[in-house]
Amino acid sequence: MQITLNIDDDVFETARRVAERQSRPVASVISEMARLGMANDKAAALEHIRQIEEEMDEEEVRRANDFSAGRQPPDRAGR
């Protein structure tokens with residue numbers, strides 16, 4: 001299905017980097033991330049998230065953790 005979505009910059013950038021490293025389309029990575037978020041098997045989802053985190057650099061992990069803790073990512077000016 002083709003649809004237009006507004007995705008936060010930090011989420012898209014992380015998905016883009018994972019897609020690039022795995023030679024996959026960004027849409028495929030975002031779909032997989034959404035499925036993981038909806039997964040009933042939390043242990044399997046957490047294991048997969050850990051695998052993705054291993055592919056992320058420290059700054060990407062920090063931004064994702066800040067976002068999940070309710071802290072918004074800095075704006076483009078770095079504030």
Side-chain angles (χ1 to χ4, degrees):
M1 172 189 289
Q2 187 172 358
I3 187 168
T4 301
L5 295 173
N6 292 322
I7 299 173
D8 291 339
D9 290 345
D10 59 325
V11 173
F12 180 80
E13 187 60 28
T14 299
R16 186 195 63 75
R17 289 181 184 173
V18 170
E20 186 176 293
R21 283 190 286 266
Q22 294 179 354
S23 299
R24 295 172 51 196
V26 174
S28 171
V29 172
I30 291 172
S31 292
E32 183 176 357
M33 293 168 76
R35 283 187 196 97
L36 288 170
M38 297 182 297
N40 291 328
D41 184 357
K42 291 182 182 179
L46 288 174
E47 178 57 32
H48 194 77
I49 289 169
R50 285 188 192 101
Q51 290 173 356
I52 291 171
E53 285 179 338
E54 288 175 8
E55 296 178 7
M56 297 166 64
D57 64 34
E58 289 180 27
E59 178 63 17
E60 290 172 311
V61 172
R62 184 192 62 74
R63 281 186 277 154
N65 287 336
D66 284 350
F67 183 78
S68 68
R71 296 183 293 272
Q72 293 297 315
D75 63 19
R76 291 177 189 233
R79 295 176 280 197

- [ ] Give the cluster check for Val26 versus Met33: same hydrophobic cluster or not, with ILVMFWY residues linked at side-chain heavy-atom distances below 4.5 Å.
- [x] no
Open item on the list: Among residues at least two apart in sequence or on other chains, which ones pass side-chain contact (heavy atoms from CB on, under 4.5 Å) with Ile3?
Closed with: Leu5
Task: Glu13 bridged to Arg16 by N-O distance under 4.0 Å - done: yes
Task: Ile30 versus Phe12, closest heavy-atom pair with distance - done: CD1-CD1, 4.3 Å
